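Keep in mind it's a predicted model, so treat the numbers as computed, not measured.
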Amino acid sequence: MKSEIKSEWMAEAPPIIKEFLGYVGTIKGKSPKTVDEYYLDLRTFFRYIKKSRDLVPPETDFEKISISDIDLDLIKTITLTHVFEYMNYLSTERQNKASTRSRKVSSLRTFFKYLTNKTGKLAVNPVQELETPKQRKALPKYLTLEQSLELLSKVDGPAKERDYCILTLFLNCGMRLSELVGLNLSDVRHGTSTVRIVGKGNKERIVYLNDACLDAIDRYVAVRPNDALTDKNALFISKQKKRISPKTVQYLVKKYLSEIELGNLSVHKLRHTAATLMYQHGHVDIRVLKDILGHENLGTTEIYTHLSDEQMANAAKANPLSKVRRQNSADLKKAIKKEPE
């Protein structure tokens, strides 16, 4: 999917930022969406710098401040104090959440690291000691095993084989929406019972398909349209004979979730469901789960190590002291003697 603002920043971004964006997009292999996020974060930062230093007229709308004149001389004057003031501005004036501020910190770190370590244009990195804002890790919402089974039972209609296959892959493989939409026929390898997935940053991973996935794929491919297709390689096809779009997948998932009164959940929650079911019911090792989900860092996967209320209750009952009630010392000694050696 092409970036929606790439042409905009190519026109407005100063040379020093264009070089950086080219580096993260080409050398680091980041996706167009990630490159855009770097640009937007840097644009906000340098707009703040210009506004706070009165480098633009006081009445200038913040969103209209141009950063095309940002150069190395100005960048060299930036200190950690300026960045601290900027982070305070994000929190108080723009009401950015900790997660948003964390991303902006990451963008600044990468930019200044590039200028110091990669190009040597800066002798000192001013954000070397910049800390990431602490954010509360919310447990991911997910469907229970019973809800997942109920969801699959609701699939019907003229595209039922396709829809059932989509839900099955989401619930068993933990794919992202973009990954599922991007699947090609050739990505499914029956000989090895695997599927090739292209994830974030165009990173490939191989995920094994269980019997449910293989059966769902076979049933769908048997009725998949083959004539007058605009993309013959696409696995999932829309009514318009095109590669199915993210919006169409979101719509059909929302429709089936609404039928089990979970219409408030998003497609991404099916990915959470797959991860949770694999961890809680399949006892999948967290490092294996990391590779299945395509996470870059183990810390991202660790959020799925949360325990269900039932598991926590069972764990408490399993404690060998769980049946010991308060009693006098004589009775306690008697109980200890009865314990088998």
Side-chain angles (χ1 to χ4, degrees), residues 1-50 63 65-76 78 83 86-87 90 96 99-122 125-128 130 132 175-184 187 196-206 231 233-234 243 245-247 268 271 290-291 293-300:
M1 186 180 295
K2 289 191 174 181
S3 164
E4 295 179 359
I5 66 166
K6 192 170 185 178
S7 59
E8 176 188 329
W9 64 247
M10 283 299 288
E12 182 188 2
I16 195 165
I17 291 182
K18 282 183 182 177
E19 292 169 8
F20 166 70
L21 297 175
Y23 165 75
V24 296
T26 305
I27 306 302
K28 299 288 286 182
K30 300 296 184 182
S31 68
K33 181 181 177 182
T34 301
V35 173
D36 287 347
E37 287 176 348
Y38 275 124
Y39 167 68
L40 293 173
D41 289 343
L42 291 174
R43 186 177 68 178
T44 301
F45 174 69
F46 285 113
R47 279 176 171 174
Y48 167 80
I49 291 296
K50 292 185 69 172
E63 302 302 326
I65 297 175
S66 171
I67 64 166
S68 60
D69 57 346
I70 297 297
D71 56 17
L72 185 61
D73 288 337
L74 183 143
I75 292 173
K76 284 181 176 179
I78 293 171
V83 179
Y86 168 64
M87 298 308 295
L90 293 177
N96 284 173
S99 57
T100 303
R101 299 199 306 275
S102 293
R103 193 197 68 226
K104 293 182 186 299
V105 164
S106 178
S107 295
L108 288 175
R109 279 179 174 165
T110 305
F111 178 62
F112 282 104
K113 185 177 180 181
Y114 163 78
L115 292 178
T116 51
N117 298 358
K118 301 300 178 183
T119 67
K121 291 181 179 179
L122 287 183
N125 184 346
V127 300
Q128 184 72 41
L130 182 61
T132 302
M175 294 181 190
R176 299 179 177 94
L177 174 60
S178 60
E179 294 171 346
L180 181 130
V181 170
L183 287 177
N184 292 321
D187 291 330
R196 169 184 167 271
I197 299 174
V198 180
K200 288 185 176 181
N202 290 321
K203 291 183 180 178
E204 296 182 11
R205 68 183 188 277
I206 301 297
D231 188 345
N233 294 321
R243 179 184 292 272
S245 69
K247 283 188 177 180
H268 201 66
R271 174 171 161 87
K290 167 183 171 292
D291 292 339
L293 296 175
H295 286 159
E296 192 168 335
N297 301 308
L298 187 61
T300 308

Could I get the full list of side chain to side chain contact (heavy atoms under 4.5 Å, CB included) partners for Ile206, not counting sequence neighbours?
Arg189, Thr194, Arg196
Sequence neighbours left out, what passes side chain to side chain contact (heavy atoms under 4.5 Å, CB included) with Gln128? Give chain and number order.
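Scan of Gln128 (side chain to side chain contact (heavy atoms under 4.5 Å, CB included), adjacent residues dropped) gives Asn125.
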Step through the shown structure and confirm whether more than 12 heavy atoms of other residues, nucleotides or ligands are within 6.0 Å of CG on Asn202.
no
Atom [atom1] of [X] and atom [atom2] of [Y]: how far apart are they, to the nearest 0.5 Å?
{"X": "Thr34", "Y": "Arg103", "atom1": "OG1", "atom2": "CZ", "result": "10.0 Å"}
{"X": "Lys113", "Y": "Ser106", "atom1": "NZ", "atom2": "OG", "result": "10.0 Å"}
{"X": "Asp41", "Y": "Thr110", "atom1": "CG", "atom2": "OG1", "result": "10.0 Å"}
{"X": "Leu74", "Y": "Phe46", "atom1": "CG", "atom2": "CZ", "result": "7.0 Å"}
{"X": "Leu180", "Y": "Arg271", "atom1": "CG", "atom2": "CZ", "result": "12.0 Å"}
{"X": "Lys28", "Y": "Leu21", "atom1": "NZ", "atom2": "CG", "result": "14.5 Å"}

Taking all non-hydrogen atoms of both residues into account, name the closest pair between [X] and [Y] and its distance.
{"X": "Leu108", "Y": "Val83", "value": "CD1-CG1, 4.0 Å"}
{"X": "Lys18", "Y": "Ala13", "value": "CE-O, 3.0 Å"}
{"X": "Glu63", "Y": "Arg47", "value": "O-NH2, 2.9 Å"}
{"X": "Lys104", "Y": "Asn96", "value": "CE-OD1, 3.2 Å"}
{"X": "Glu19", "Y": "Lys121", "value": "OE1-NZ, 2.7 Å"}
{"X": "Gly199", "Y": "Glu179", "value": "CA-OE2, 3.3 Å"}

Any chance you could lay out the side-chain contact (heavy atoms from CB on, under 4.5 Å) test for Tyr48 and Thr44, step after step, and finish with the verdict?
CA-CA 6 Å; Tyr48 167 80; Thr44 301; 5.8 Å; no
Sub-4.5 Å side-chain heavy-atom contact between [X] and [Y]:
{"X": "Phe45", "Y": "Ile78", "answer": "yes"}
{"X": "Leu115", "Y": "Ile16", "answer": "yes"}
{"X": "Asn184", "Y": "Arg243", "answer": "yes"}
{"X": "Val24", "Y": "Tyr39", "answer": "no"}
{"X": "Ile67", "Y": "Pro14", "answer": "yes"}
{"X": "Lys118", "Y": "Ile27", "answer": "no"}

Show, in sequence, the C-alpha distance, side-chain angles and deciding distance for Ile75 and Leu122, and conclude whether the side-chain contact (heavy atoms from CB on, under 4.5 Å) test is met.
CA-CA 9 Å; Ile75 292 173; Leu122 287 183; 4.1 Å; yes
Polar side-chain atom of Arg109 near backbone of Leu130 as donor-acceptor pair, under 3.5 Å
yes
Steps toward side-chain contact (heavy atoms from CB on, under 4.5 Å) verdict (Tyr38, Phe111)
CA-CA 9 Å; Tyr38 275 124; Phe111 178 62; over 6 Å; no
With side-chain contact (heavy atoms from CB on, under 4.5 Å) as the criterion, how do Lys50 and Ile70 come out once you've worked through the C-alpha distance, each side chain's angles and the decisive distance to 0.1 Å?
CA-CA 9 Å; Lys50 292 185 69 172; Ile70 297 297; 4.0 Å; yes
